[in-house]
Number of protein chains: 2
Amino acid sequence: MAPPARRTGRPRNAEVDRAILAATRSALVELGWSKLSLGDVAARAGVAKTTLYRRWAGKNELVVDAVAVTFDELELPDRGSLRADVEGVVLQFARLLERPETKTALMAVVSESTRDTGLRDRVRAAIVDRQKRLVLLGRERAQRRGELPPDAPGTEGAAAAGRAADLIFDTIAGAVVHRSLVSGEPVDAGWAGDFTALLLDGLTGARGGAPERGGATE
Amino acid sequence: MAPPARRTGRPRNAEVDRAILAATRSALVELGWSKLSLGDVAARAGVAKTTLYRRWAGKNELVVDAVAVTFDELELPDRGSLRADVEGVVLQFARLLERPETKTALMAVVSESTRDTGLRDRVRAAIVDRQKRLVLLGRERAQRRGELPPDAPGTEGAAAAGRAADLIFDTIAGAVVHRSLVSGEPVDAGWAGDFTALLLDGLTGARGGAPERGGATE
DNA sequence: CTCTTACGCTACGGGCCGTAGCGTAACTCT
DNA sequence: AGAGTTACGCTACGGCCCGTAGCGTAAGAG
């Protein structure tokens, strides 16, 4: 992260980076992804447009960095059970996606990253991979509680554990994103409870796919 | 759909619509969402730019219509069991998302729809809601097979069934989209099997969250 | 006090947008 | 047939934003 090979010359002003990223988030809130222009961001940040282009290659990279820090707010406090932990993280993630800047930016950069491998790596490093820690933590905790069986030993077991974590991550994050952004319906306590029940017990499980909850809508 | 109040004047050329939508898909493949320009689409279609603007309000609406037909290709043949049906639709949906035009367009219009309620309605009507039929069909089939309990009677039971269908839809579609577009990793037979097992049996189910499959990667 | 880098400012060619204005084509109704 | 109405093509335009070049100044390192 820190550029070590930069000893001579005038040092960069870290405040400029902070101002640009903050201005980007503010512009995302007011204008949304498509109407956001880099000239406008530079003006908001009180910075020359050229300065902005010296640090970021374009809109995509800038917005990824501007939004990435927001996702680091996610935490996973120990709520006592796997069920409560999942429900908590679902609601927390949903609240994050309700914010206008993340809502409009996340899917846009994902869309762009389908045609730009460099951007794809940036998104994965800055946003996606960093949140897998929550799954790993939650799984480990549940295993210590005895709610989930421990990983099989050896490299093969570790690989299976990694696949399982990836699968759970895609399932949870995907469902919340789809419900909230694609279907466009609220992720409230009722839905979180229904989803958690489905994830833990399965379609053919105790609840039989016809959830009894959902009264807490709105 | 058909405009009934249009009797007088020169009728619209349906071929023009087809040409424009086809040109839009072709441009999406070659240029992607962000570099797609309406002037370029008009030129590809052999049509005046003004004609294009007389039929669609802008890029968003045009692309939604151009891509919507692609999603109607999804089918749900009876594969004999709920497990096989889910696995089949997962792989089918994943193949759809591998196509360059859908890959780049879907998330882009979803991103735009977060700031445009009209577009949101269009996306839901043209793409999202139409695919829920697959969930309803699969559920009904599984109930007839006895793999899932029947819906509770009465309006309350119908509401619960609707919520369950929505939940399953968001979970399946969300996981596939997230795996394929956000995580950027392939949805192959191994992953489809793992995911289906998780969906049917749950995290705490027989498989315990550490899937044994996944050998069929690639 | 020189070298190097960061930053601000101005200016520019270029692309695409979305629309206006006009002429022509196709079809309906009287 | 003629009048009315709508569809389509073409040209042209102001406007916004892009990304960069060119220059002058500021702030550190040696």
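Here is how names work: the chains are called A, B, and so on, in the same order as the sequence lines, proteins then strands, and each is numbered from 1. Reckoned from all heavy atoms, side chains included, excluding hydrogens, waters and symmetry mates.
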Could you tabulate the donor-acceptor pairs under 3.5 Å formed by side-chain atoms of residues 174-181 of chain A, not counting sequence neighbours?
residue : atom : partner : partner atom : Å
A:H178  : ND1  : B:D170  : OD1          : 2.8
A:R179  : NE   : A:P186  : O            : 3.1
A:R179  : NH2  : A:P186  : O            : 3.1

Taking distance alone, no hydrogens or angles, what donor-acceptor pairs closer than 3.5 Å link side-chain atoms of residues 103-112 of chain B to residues at least two apart or in another chain?
residue : atom : partner : partner atom : Å
B:T104  : OG1  : B:W33   : N            : 3.2
B:S111  : OG   : A:T104  : O            : 2.8
B:E112  : OE1  : A:S34   : OG           : 3.1

task: Starting from the C-alpha separation in whole Å, work towards a yes-or-no answer on side-chain hydrogen bond (donor to acceptor under 3.5 Å, both in side chains) for A:R133 and A:Q131.
output: CA-CA 5 Å; A:R133 60 191 165 87; A:Q131 307 316 321; 3.2 Å; yes

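Taking a 4.0 Å limit (strictly below) on heavy-atom distances, residues 107-115 of chain A does not reach DNA chain C anywhere. Within residues 37-61 of chain A, the residues having any heavy atom under 4.0 Å from DNA chain D are, by residue number, A:S37, A:L38, A:G39, A:K49, A:T50, A:Y53. Of the residues in residues 13-33 of chain A, none has a non-hydrogen atom less than 4.0 angstrom from any atom of DNA chain D.
Separating the CZ atom of B:R12 from the P atom of D:dT5 is a distance of 18 Å, rounded to the nearest angstrom.
For A:R10 against D:dA27, a side-chain-to-base donor-acceptor contact under 3.5 Å is absent.
With a 4.5 Å cut-off on side-chain heavy atoms, B:D85 and B:V89 do not count as touching. Side chains of B:L36 and B:L38 form a contact here, defined as non-hydrogen atoms less than 4.5 Å apart.
Using a 4.0 Å cut-off between a side-chain N of Lys or Arg and a carboxylate O of Asp or Glu, B:E185 and A:R124 qualify as a salt bridge.
Pairs passing the side-chain hydrogen bond (donor to acceptor under 3.5 Å, both in side chains) check and including a residue from residues 41-50 of chain A, sequence neighbours excluded, read A:S26-A:R44, A:E30-A:R44, A:D40-A:R44.
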